[in-house]
Amino acid sequence: MTTVALKPATMAQALTRAMRDALAADPSVHVMGEDVGTLGGVFRITDGLAKEFGDDRCTDTPLAEAGILGTAVGMAMYGLRPVVEMQFDAFAYPAFEQLVSHVSRMRNRTRGAMPLPITIRVPYGGGIGGVEHHSDSSEAYYMATPGLHVVTPATVADAYGLLRAAIASDDPVVFLEPKRLYWSKDAWNPEEPEVVEPLGRAVVRRPGRSTTLITYGPSVPVCLEAAEAARAEGWDLEVVDLRSLVPFDDETVTASVRRTGRAVVVHEATGFGGPGGEIAARVSERCFHYLEAPVLRVAGFDIPYPPPMLERHHLPGVDRILDAVGRLQWEAGS
Amino acid sequence: MTTVALKPATMAQALTRAMRDALAADPSVHVMGEDVGTLGGVFRITDGLAKEFGDDRCTDTPLAEAGILGTAVGMAMYGLRPVVEMQFDAFAYPAFEQLVSHVSRMRNRTRGAMPLPITIRVPYGGGIGGVEHHSDSSEAYYMATPGLHVVTPATVADAYGLLRAAIASDDPVVFLEPKRLYWSKDAWNPEEPEVVEPLGRAVVRRPGRSTTLITYGPSVPVCLEAAEAARAEGWDLEVVDLRSLVPFDDETVTASVRRTGRAVVVHEATGFGGPGGEIAARVSERCFHYLEAPVLRVAGFDIPYPPPMLERHHLPGVDRILDAVGRLQWEAGS
Amino acid sequence: MTVMEQRGAYQPTPPPAWQPRTDPAPLLPDAQPYRVLGTEAAAKADPELLRRLYAQLVRGRRYNAQATALTKQGRLAVYPSSTGQEACEVAAALVLEERDWLFPSYRDTLAAVARGVDPVEALTLLRGDWHTGYDPYERRVAPLSTPLATQLPHAVGLAHAARLKGDDVVALAMVGDGGTSEGDFHEAMNFAAVWHAPVVFLVQNNGFAISVPLAKQTAAPSLAHKAVGYGMPGRLVDGNDAVAVHEVLGEAVRHARAGGGPTLVEALTYRIDAHTNADDATRYRGEDEVEAWRDHDPILLMERELTERGLLDEDAVRAAQEDAEALAADLRTRMNQDPVLDPMDLFAHVYAQPTTQLLEQQAQLRAELDAEAAGPEGAGR
Amino acid sequence: MTVMEQRGAYQPTPPPAWQPRTDPAPLLPDAQPYRVLGTEAAAKADPELLRRLYAQLVRGRRYNAQATALTKQGRLAVYPSSTGQEACEVAAALVLEERDWLFPSYRDTLAAVARGVDPVEALTLLRGDWHTGYDPYERRVAPLSTPLATQLPHAVGLAHAARLKGDDVVALAMVGDGGTSEGDFHEAMNFAAVWHAPVVFLVQNNGFAISVPLAKQTAAPSLAHKAVGYGMPGRLVDGNDAVAVHEVLGEAVRHARAGGGPTLVEALTYRIDAHTNADDATRYRGEDEVEAWRDHDPILLMERELTERGLLDEDAVRAAQEDAEALAADLRTRMNQDPVLDPMDLFAHVYAQPTTQLLEQQAQLRAELDAEAAGPEGAGR
Ligand SMILES: Cc1ncc(C[n+]2csc(CCOP(=O)(O)OP(=O)(O)O)c2C)c(N)n1
Ligand SMILES: Cc1ncc(C[n+]2csc(CCOP(=O)(O)OP(=O)(O)O)c2C)c(N)n1
Ligand SMILES: [Mg+2]
Ligand SMILES: [Mg+2]
C-alpha cells in the first residue's frame, strides 16, 4: 500500500503515462499512427512522447491504416512491440484485413513461432458529439475474431494498468479507449501507478443483491449511476465491469449472476449481433437454473450511429437500464 | 403448381440462373468481380454470363476488393444494380471499410435519398479442403452492421429465389453462398424457377416436437441429418433454416422454440462472438418461460479456421449436435 | 462495341518484342505548376471568367469565416475551413456542367455550396442534426465523405455507369494530400484508368494532413507523378491561382467528356486555418510559413490581376462583397435557429422497409419520449 | 540523428518557388526491360554465377513438376506452379544474404525452397496439414502470404525495424501483377519510400491474375512506372533472364543495404502452367501465346548462353539433373507419407496461454476423439 496522497488524474493522462512508462522500460516498444508524434494525437494521448523518446520511437505515419497495421506486423516480426493508434473507431476499418487475416492468426499460422505483440489502440464509442464515423462501437467485430485480445478500461487506474498489460502481452491486443471517459477523473497516483493483474479479469465495481448489470468501458459509469438511482426503487444492483471482452471472465460473471438471479447486459454498441448477444447467451447457458428472469440487453439501437443531436436517444442511459431492471422484477413476480 | 417434371440441379446452377434471369429482366443489373467474366468465376457461378450479356454487363475487374465494392457504390448511385462477387470469404475483408462505412449507411445518411441496391455475393464457409483464408464464416461481422441484409441459402430452390430477391432488393444484401453446397443437388425445375417470398423469412425444414435446431446455410443439411439420426434416440427434432440472418425472423423461431421448449443453435462460424450468441440470446429472452433447458450452441471452435486436414474436427457434425441435444434432455430431467 | 472492349486486346509479349503499353512522356506533369495569374498567360484569360471567379472567391472566403464563427457560437459541432483553398473549391464547382457530379471530401462544403447546395444543408453534417443534409441528386453532389479517399471509387463507379448508359457525364472527385496515401486512392485511380472512366481527380495538396506535413506523407517528386503509374495524365497546378485551376480542371473535364479517360490534377495550395476549429496548428507549424502563403493568397492574386488589367472597379468589389455578406447573413440567421429534429428518423432510413425489430425499437423510443414529455411523474419508473 | 529525421525537414512552398521534391528522371524505368542473356552484356557475366543459376533453374523446374504431380496423386490440396517463372524465384532467393528476409506470396514456394526451406515444410500449406510448415526465423522466410499484397507492408515494417535497430538487413518482397492493384501494394510502397526502408519489391508480371490479363489490371506503360509516384526507382527487367534478374535485384539489394531506400522491380515473365492445377487456362488464353513464351524459357535462355560460351559440359548438365532428381525423389518419398497431425494443435497456438474457453473446447474434442477411438460403442451413436 502506497502512502502517497492521491491526486485526481484523467484517463487520458493515465494512458499517456502507461505508454511513457512502457517506452522507458522496454526499448522494443514503438508508438505509431496518424498525428501521434508532433501533435501528440488528436486526443493528445501520445502528447510529449515523440519529444521525450524521439520520432523513431513515436512516429507520425502516412495516412493509411492498413499500412500502419501492416508495417507494425513486420516490425513485430523483427522483435519490436508496436503500439498502434487508430485515430477513431471507424478509421480502423481500412486495417480490417490486416487485423483479421494476419494479426489475429500469425501465431496460430506459425505454430507459435511468430507471435505478434501488437497493441492496437482504438478510441471508440459515442457521447462526444462526434460527426458521422467518429462514434462507432466496433467491439463486436473484434470479439468475433479469434486470436485477438479485446480490452477496454472504465477507470483511470485500469486505463494505466490494462494498457501496460496490453503492451506487455505477447499476443495482439485491441485496446478500446472509451472516448467520452478520456477526461473523466479519478483519484490516482501517477507517481506510483498500479499495474493490474493479467488481462482477462472482470471486476465487481459495485456489489449488489437483486440484479447484475454486466457492462464495460463507457457504460460502466452509466451503470453505476443507474445502480445508485435504483436504490430509490429498493433494488440493490451489482455492477460487473468486464474490462476484457476477450478472454471473457466467465467465472466472475457467472458467480455474480448465480448470486443475483437476474442480469442485464449494457453496452453502447448496436444490440443485434452486438457483444451483448454473446454475453447474454453464455450467461443464460451457465446460469439457467439460477435465473429468475431472462437476461435482458440494453444496447444501442440497430441503426447506424446517429448524428450528434440525436445521439442521446441512442445511447443506453440510466432510465433505459432501470426500465430493463424493472421488467425483470416483474417477470419474477409473474 | 407446375406440372413440369423436376430435374436435379445444383445450387451452382441455380445461382447462375438467378443472375442470368436478373440480367435479362433488368438492364440495370451488372455483375462484376475478379474472374467473373471470361473465366466465369473460380466456382463458375457466373459461367456464360459475359458471353451472353457482354463484358459491360459481366465485368472482370482489377484485383482490388475495396475498389470493386467502392465502384459498385458509385454505379448504384447512378441507378445501376451491381451484383458483386467477392472471390472468397476472407477476400471480402479488404472491402470492409466500404461495406461498413458506406454501403450499409448511405440510405440512412441521405435520409433515403440515395439507396444502394448492391448484392454482394460471398462464397463462404469450410468443408471444401480449402487452404488458409478460403474457409471463413464471416457472417458475424455482417450481422453486427446495421443497414445490411444478410442472407444465405441452403437449398437449390432458395439459392435461386433468395438471389433473385437480393438483386431485386433496394437495400444492400450480403449474399452468403455456402461453398460446400455449390454442388449439392435438388429436384428443381430451372424452366420454372420458384421465386421465394420476400427476404427475412425463416422456414421450418423439418417439423419436430422435442427440440428445435436453429441453423442456416451449410449447417442445414447437417442438422437434417442429425434430426434423422436422432430418431434412433427417440428424439423428434425440428429444424429451422433461418435463410435470412438480417432481418431476423423472430416470429418463426420463437414459435418453434415455444412449441418444443428446447433449442440448439448450429453454425460453422466461431462460437464466441459468433451469430449463435445473438440467436441464443434473443431466443432465451423471448422464450424464457417456455424453455425446459438452456439454449445451447454448437459452433466452430474459437480458433482461426484450421487447415484442411483438421477441419473435420472443427466443423459441427451430427455427433456434436446430438451430444448437445442429449445434454438438453438431461437438463430437463434434472 | 462494349465500353470494356474499347481498350483493345492484350497479348503478353516476351521481352525481346515487349513495348510499354502507352507512351509515359505525355502522362508526366510539367516540372513547374501551371500558373496564369501574374504571368503572360493571364492576358488571354476571359475577363468575364476572372470577374466571376473573383466574386466566388470573395463569397467563399466569407462563407469560411462565417462557418468558423458559427463554431464559436456553438452552432456547428466542428468546421474544417477551406480558407486559403477557395480557388480550388470554387474552380472545382464551376468547371462542371449541371449533369456532372461532384464528389467532395469532408473539407469541401464550399465546393458544394459553389455548386448550388444550400449552405445550411451543406453544413448539416457539421452542425450535427443529420449526416447528409441535402439530396445528392438535386445538384449532383455526393455526400461529403469523411473516411478519407473512400469517395474516389464512388466517383469512378458513377462515371463508369454514366458511360455505360451512354450519358456524357463527368465526375470530379476531391481528395487531400493525406488522402492519397490510402489504398482507396490507389484502387480508384487504377479502376478509372483501366475502365477509361470520365473522372477527374483533384488533389488539394495543402501541405498537411492534420499535423503531418507532406514530407512524412510521400517521397514522390510531386503527387501528380503518381498518374503515370496508372496510365493517366498527371497535371500540376498552382492551387491558389483560380484561373489556372479552372483551366487545368476544365481541360481535364473536357478530355474526360470526350472519351479521353481520367486525369489526376495536383493543386498546390495551403491550409491557412488550423485543421479544424478544434485543432491547434501552432503545435506543428510556424507563423512564418503561414505568412509566406498569405502573400500568395488566391483572392490577392486575383485582385492584383484584375486591378492591373483595370477589370476591378468599385462596383464589382461592392457587388461581390454584398453578395458574400448576404450569404453570410442568411447562413447566420438560419443556423441560429434550432434545427427541427425528429428522433423517429433514426429508424426510418435504415432499410427500405423497417424491420420488425426496428419497429419495436421505434415504439420503445416513442414511449420513452412520450413519458418524458408527460413530465417527471409520467417518466417515473 | 533518428532514422526518421534523415529525410530532412519540409517547408510547404508557394508555387513561384516550388520545386519537385526529387528529380523524377532517375526514378523512371528504361523503355526496354534489362536483359543480359543473348546480349553483349552477357560477356561480362561471371561464369560461376551462370552455372549456379543454371543448376538452380533446373532444380526449380523439377520441383515445380514434382509438386504438380503430387496434386494429381492427391498429396497436395492445390499447387500454384511457378513453371516458366523460375528465373525470378531463384534469383530472388540467391541475391539475399543470410541475415536478409524474403517475403514470398502464395506462388513463391520455390523461392523459399531456393533459400533453403525444406520443400516439405514449404508445401505444408498446400498439402493441408498446417498453415505455415516452417519456422520463419530459421531461414528468415516469412510465411507464404495468400491474401494478395498483404505481405508487402510486413516486409516494409521488418526492414524498417531492422534499420531502427541498426542492422543492415534487407527485405525482399514478392508480389504478382494482379497484386499491384490492391491498396496494400500502394500503402507498402509509400511507407517504404517515406521511411526510406531497405526493402526491394519484386513484381512478377506473368501476364495474368488467374484469368484476368494485364490490360484489365492496369493501363500503365509498365508496372515499374508506378515507382516514381512514390519517389523510388522503378526497374524493368526480363524476368526469364536469370542473370538480368539477379543483377537488377542484386543492385537494388545493395542500394537498400547502403541506405539508399527501396526499389520497385518489375520482371516480365509468363505463367506457363494454369493458375493452379485446379484451373483451366484454355478458358482464357490460346496455346500460341504460351508457345511464344516457351521459346523464351528461362532454362532455354540460360542453356543457349552457356553452350555458346562453352560453359556447359555434360558433367554440369548431369550434376544439375541429378541434384534436381534427388530433390524430387526426396519430396515424393516424404510427401507420400501421411503427415502426423495432432488435433490438439488447433488450440495450442491461438494465444500465448490458452483461454479457459479454449481449454474447455480442447477437452471436448479430446473426449470426442477418445470416444471415437474406443469404437462405435464408446462413441455412443
Ligand atoms: C480513413 C480515415 N482515416 C483517418 C481519418 C481522420 N482524419 C480526418 S482529416 C485527416 C487529415 C486529412 O488530410 P488531407 O487528406 O491532406 O486533407 P486536408 O485535411 O488537408 O484537407 C485525418 C487523418 C479519416 N477521416 N479517415
Ligand atoms: C486479397 C485477395 N483477393 C483475391 C485472392 C484470390 N486470388 C488468389 S491468386 C489470384 C490472382 C493473383 O494474380 P497475381 O497477383 O498476378 O499473381 P499470380 O497468380 O499471377 O502469381 C487471386 C485473385 C486473394 N488470394 N487475395
Ligand atoms: Mg492536406
Ligand atoms: Mg500474375
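Every chain is numbered from 1 and lettered A, B, ... according to where its sequence line falls, protein lines coming before strand lines.
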Winner by heavy-atom pair count (cut-off under 4.5 Å) against chain B, out of C/Asp135, C/Asp167, C/Val169, C/Leu125: C/Asp167
Interface residue of largest heavy-atom contact number with chain C, from B/Gly37, B/Pro94, B/Ala72, B/Gly74, under 4.5 Å: B/Gly74
Stepwise side-chain contact (heavy atoms from CB on, under 4.5 Å) test for C/Val350 and B/Arg107: CA-CA 7 Å; C/Val350 183; B/Arg107 173 188 289 280; over 6 Å; no
C/Thr355 OG1 to B/Leu199 CG distance, which is reported to the nearest 0.5 Å: 13.0 Å
Shortest non-hydrogen separation from C/Pro153 to B/Gly67 and the atoms involved: CB-O, 4.5 Å
Within the 6.0 Å centroid threshold, strictly below: B/Tyr78 and C/His160: no
Distance (rounded to the nearest 0.5 Å) between B/Ile68 CD1 and C/Glu187 CD: 8.5 Å
C/Glu121 and B/Arg111 ion-paired at < 4.0 Å: no
Most chain B-contacting option - heavy-atom pairs closer than 4.5 Å, from C/Thr146, C/Thr124, C/Thr132: C/Thr132
Least distance between heavy atoms, B/Thr61 atom then C/Trp195 atom: CG2-CZ2, 4.0 Å
Proximity breakdown for B/Thr110 and chain C, heavy-atom pairs closer than 4.5 Å: both
Region of C/Ala352 in contact with chain B, defined by heavy-atom distances below 4.5 Å: both
CG on B/Asp171 to OH on C/Tyr351, rounded to 0.5 Å: 7.5 Å
Rounded distance [0.5 Å steps], CG in B/Asp250 versus CD in C/Glu360: 6.5 Å
B/Ala64 portion near chain C, given a 4.5 angstrom heavy-atom threshold: both
Chain B contact via C/Tyr134 - side chain, backbone, both or neither, heavy atoms under 4.5 Å: neither
Heavy-atom contact with chain C under 4.5 Å, split by part of B/Arg105: neither
C/Ala162 versus chain B, the contacting section by heavy-atom distance below 4.5 Å: both
Side chains of C/Thr150 and B/His102, donor plus acceptor under 3.5 Å: yes
Residue selection (most heavy-atom pairs with chain C, distance under 4.5 Å) from B/Ala76, B/Gly112, B/Gly147: B/Gly147
Crowding at NZ, C/Lys165 (>12 non-hydrogen neighbours, <6.0 Å): yes
Side chains of C/His154 and B/Gln98, donor plus acceptor under 3.5 Å: yes
Residues 19-32 of chain B: residues contacting chain C (heavy atom under 4.5 Å, by number): B/His30, B/Met32
Minimum heavy-atom distance between C/Ala161 and B/Met75, given as atom pair plus value: CB-CA, 3.9 Å
Neighbour count above 12 (heavy atom, 6.0 Å) for C/Gln362 CD: yes
Atom group of B/Pro115 that falls short of 4.5 Å from chain C, counting heavy atoms: neither
pair C/Pro136-B/Met77: side-chain heavy atoms closer than 4.5 Å: no
Contact origin within B/Leu148 toward chain C - heavy atom pairs under 4.5 Å: backbone
Straight-line distance of C/Leu152 CG to B/Thr71 OG1, nearest 0.5 Å: 12.0 Å
Max heavy-atom pair count under 4.5 Å with chain B, selected residue of C/Leu358, C/Asp345, C/Val156, C/Thr356: C/Asp345
